[in-house]
Participant: 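Dropping the structure in here first, questions after.
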Number of protein chains: 2
Amino acid sequence: MSKDTLPGLTLCNNAMLRRAARKLGQFYDDVMAPSGLKATQQGLLYQIHIGDEPAMGAIAASLIMDLSALGHTLKPLIRDGYVETFADPDDRRIKRVRLTPQGLVKLDEAMKLWHIAQQRFEDVAGNDKAERLRAALDEIAALDFDLPPATP
Amino acid sequence: MSKDTLPGLTLCNNAMLRRAARKLGQFYDDVMAPSGLKATQQGLLYQIHIGDEPAMGAIAASLIMDLSALGHTLKPLIRDGYVETFADPDDRRIKRVRLTPQGLVKLDEAMKLWHIAQQRFEDVAGNDKAERLRAALDEIAALDFDLPPATP
DNA sequence: CGCCATTAGTGGTATATGCCACTAATTGAA
DNA sequence: TTCAATTAGTGGCATATACCACTAATGGCG
């Protein structure tokens, strides 16, 4: 394959996904900036909010995120007083997470901005396309890449 | 909207995109691990390879990546001797990037693993779906979210 | 009951990415 | 030509995310 005919990176599912994520991330972050939250943080607050004092492991699983990554991501939100954690009384290994009152206020504020970004995206991309995109992404998140073990 | 009826984060385009990116990133990284490169690094080396000693700005634009982020991402690759930079003789503001011989070798090695990951993805997701996904992601990357300025 | 395998998180380290302020090199206009 | 505006990168700082080794709690088994 000569260099002249090499395909772009348009062929790599992963590269395309990251590239689109950067693009969309920049846009959502931009719209959310007035709240002082990144889109990822808003998403995390929301995830915590809709859960019933979810355990860290449960949040990580929902978001398909490494547990330790979640721990790190949570730190600024705790530091800023939006989130607090407490040990599950029935199993002290488990740490549960909830929003503080300020966290709830901040989430409300951020959600307003999120709606703007979301609406703008739907307008620009088209509702159909957006819908299909989300469905496709959801399927990907649900895929199982494990090689089936040689059944003995 | 009561808490019981709150939708999941399945509605947020950005959140879904990031979630899928984490999932796929973990998979690709896993397959590429034997090469010692992350999928992002392989993608970057490839992008450099298919360019003609591209300028940093050109790479960043292709990847829709912040220029300074590119600079940071490049550092480990330079440190490990896979990539080198040099000033454009015609415009010394411009820094061009190219693979070193070792970089080329490493890219070859990584591409073999990439093919495995890519093929496995296509198998699991289905070629049609993968194709459509990439197309959708490419469209997103091409969207323009700027609000049209009030034409005076 | 006592011990080991499992489970849930933590902390460290490294890459990925973005924004901002700043510098260097170029360009364009007075 | 000279100086202001623009362009290309750098460096610092902060968040996002992953993996690994380690610790604390549980749970099950002999």
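The chains referred to below are lettered A, B, ... by the order of the sequence lines, with proteins before strands, and numbering in each begins at 1.
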Participant: Which listed nucleotide (dA16(D), dT17(C), dA18(D)) is nearest to the side chain of R22(A)?
Facilitator: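 Out of dA16(D), dT17(C), dA18(D), the nucleotide with an atom closest to R22(A)'s side chain is dT17(C).
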Participant: Specify the separation, in whole Å, of atom NZ of K75(A) and atom P of dA16(D).
Facilitator: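 Value for this atom pair: 13 Å.
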Participant: Is the closest basic N to carboxylate O distance between R93(B) and D88(B) below 4.0 Å?
Facilitator: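 No, R93(B) and D88(B) are not salt-bridged.
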Participant: Return the value, rounded to whole Å, for the distance between atom CG of L74(B) and atom P of dG9(D).
Facilitator: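 So the CG-P distance, L74(B) to dG9(D), works out to 11 Å.
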Participant: Heavy-atom contacts under 4.0 Å between residues 103-110 of chain B and DNA chain D, which residues?
Facilitator: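 Within residues 103-110 of chain B, no residue comes under 4.0 Å of DNA chain D.
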Participant: Without swapping roles, check the side chain of K129(A) against the backbone of E139(B) for a donor-acceptor pair under 3.5 Å.
Facilitator: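 Flag not set: sc K129(A) to bb E139(B) has no pair under 3.5 Å.
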Participant: For DNA chain C, whose closest nucleotide is more 5', that of D80(B) or that of K23(A)?
Facilitator: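 By nearest-heavy-atom nucleotide position, the 5'-most residue is D80(B).
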Participant: Return the polar atom pairs (N/O with N/O) between nucleotides 24-28 of chain C and the protein under 3.5 Å, or none.
Facilitator:
residue : atom : partner : partner atom : Å
dT26(C) : OP1  : R92(B)  : N            : 3.1
dT26(C) : OP2  : R92(B)  : NH2          : 3.3
dT26(C) : O4'  : R93(B)  : NE           : 3.3
dT26(C) : O4'  : R93(B)  : NH1          : 3.4
dT26(C) : O4'  : R93(B)  : NH2          : 3.4

Participant: Whole Å only: how far is the CE atom of M56(A) from the P atom of dT7(C)?
Facilitator: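 Taking CE of M56(A) and P of dT7(C), I get 18 Å after rounding.
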Participant: If you measure from the Lys or Arg side-chain nitrogens to the Asp or Glu carboxylate oxygens, is any gap between R134(B) and E122(B) under 4.0 Å?
Facilitator: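 Answer for the salt bridge query: yes.
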Participant: Rounded to the nearest Å, what distance is computed from the CD atom of residue Q41(A) to the P atom of nucleotide dG18(C)?
Facilitator: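 Roughly 15 Å, once rounded to whole Å.
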Participant: The criterion is side-chain hydrogen bond (donor to acceptor under 3.5 Å, both in side chains); which residues satisfy it with D123(B), sequence neighbours excluded?
Facilitator: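 In terms of side-chain hydrogen bond (donor to acceptor under 3.5 Å, both in side chains), with neighbours along the sequence ignored, D123(B) is linked to Q119(B).
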Participant: So, R19(B) side chain and S62(A) main chain: donor-acceptor pair closer than 3.5 Å or not?
Facilitator: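 Pair found, side chain donor or acceptor close to backbone of S62(A).
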Participant: Counting heavy atoms from C-beta on, name the nucleotide in dA16(D), dG9(D), dG11(C) closest to the side chain of R18(B).
Facilitator: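 Comparing dA16(D), dG9(D), dG11(C) against the side chain of R18(B), the answer is dA16(D).
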Participant: Rounding to a whole Å, what distance do you find between L77(A):CG and dT17(D):P?
Facilitator: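 From L77(A) CG to dT17(D) P: 12 Å.
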Participant: Of the options dA18(D), dT10(D), dG9(C), whose atoms approach the side-chain atoms of M65(A) most closely?
Facilitator: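 Per side-chain heavy atoms of M65(A), the pick is dA18(D).
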Participant: Is R98(A) close enough and on-axis enough to F86(A), meaning under 6.0 Å and within 45°, for cation-pi?
Facilitator: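 Yes - R98(A) lies over the ring of F86(A), closer than 6.0 Å to its centre and within 45° of its axis.
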Participant: Please tabulate the protein-to-nucleotide N/O contacts below 3.5 Å involving nucleotides 19-23 of chain C, giving atom names and distances.
Facilitator:
residue : atom : partner : partner atom : Å
dC19(C) : OP2  : D66(B)  : OD2          : 3.4
dC19(C) : N4   : S68(B)  : OG           : 2.2

Participant: Using a 3.5 Å cut-off and no angle test, enumerate the donor-acceptor pairs between side-chain atoms of residues 33-42 of chain B and protein atoms at least two apart in sequence or in another chain.
Facilitator:
residue : atom : partner : partner atom : Å
S35(B)  : OG   : M32(B)  : O            : 2.7
S35(B)  : OG   : L37(B)  : N            : 3.1
Q41(B)  : OE1  : K38(B)  : N            : 3.0

Participant: Within less than 4.0 Å of OP1 or OP2 of dA16(D), is there a side-chain N or O belonging to T40(A)?
Facilitator: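 Checking dA16(D) against T40(A), a side-chain N or O does come within under 4.0 Å of OP1 or OP2.
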Participant: Answer with base, sugar-phosphate or nothing: what part of the nucleic acid does R79(A) contact at a heavy-atom distance below 4.0 Å?
Facilitator: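 Sugar-phosphate, backbone atoms only, no base.
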Participant: Would you please confirm or rule out a distance under 4.0 Å between OP1 or OP2 of dA16(D) and any side-chain N or O of R19(B)?
Facilitator: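 Negative; the distance criterion is not met.
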Participant: Run the salt bridge (Lys or Arg N to Asp or Glu O under 4.0 Å) test against D30(A) and tell me which residues pass, sequence neighbours left out.
Facilitator: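 None.
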Participant: About how many Å separate CG of L70(B) and CE of M56(B), when rounded to the nearest 0.5 Å?
Facilitator: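 One finds 4.0 Å between CE of M56(B) and CG of L70(B).
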Participant: Could you tell me whether D80(A) and K106(A) have a side-chain N and a carboxylate O separated by less than 4.0 Å?
Facilitator: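 No, this pair does not count.
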Participant: Please state how far atom OH in Y28(B) lies from atom P in dA18(D), giving the value in whole angstrom units.
Facilitator: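 For the pair Y28(B) OH and dA18(D) P, the rounded distance is 17 Å.
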Participant: Could you tell me how far apart I59(A) (CD1) and dG9(C) (C1') are, to the nearest whole angstrom?
Facilitator: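 Value for this atom pair: 12 Å.
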Participant: Mind checking whether Y82(B) and L99(B) have side chains closer than 4.5 Å, heavy atoms only?
Facilitator: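 The answer is no, as the side chains (C-beta and beyond) never meet within the 4.5 Å cut-off.
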Participant: Quickly work out the L67(B) CG to dT17(C) P distance and round it to whole Å.
Facilitator: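 Distance check: L67(B) CG to dT17(C) P gives 14 Å.
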Participant: For the pair R18(B) (side chain) and N13(B) (backbone), establish whether a donor and an acceptor sit closer than 3.5 Å, ignoring hydrogens and angles.
Facilitator: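 Side chain of R18(B) to backbone of N13(B): no pair is present.
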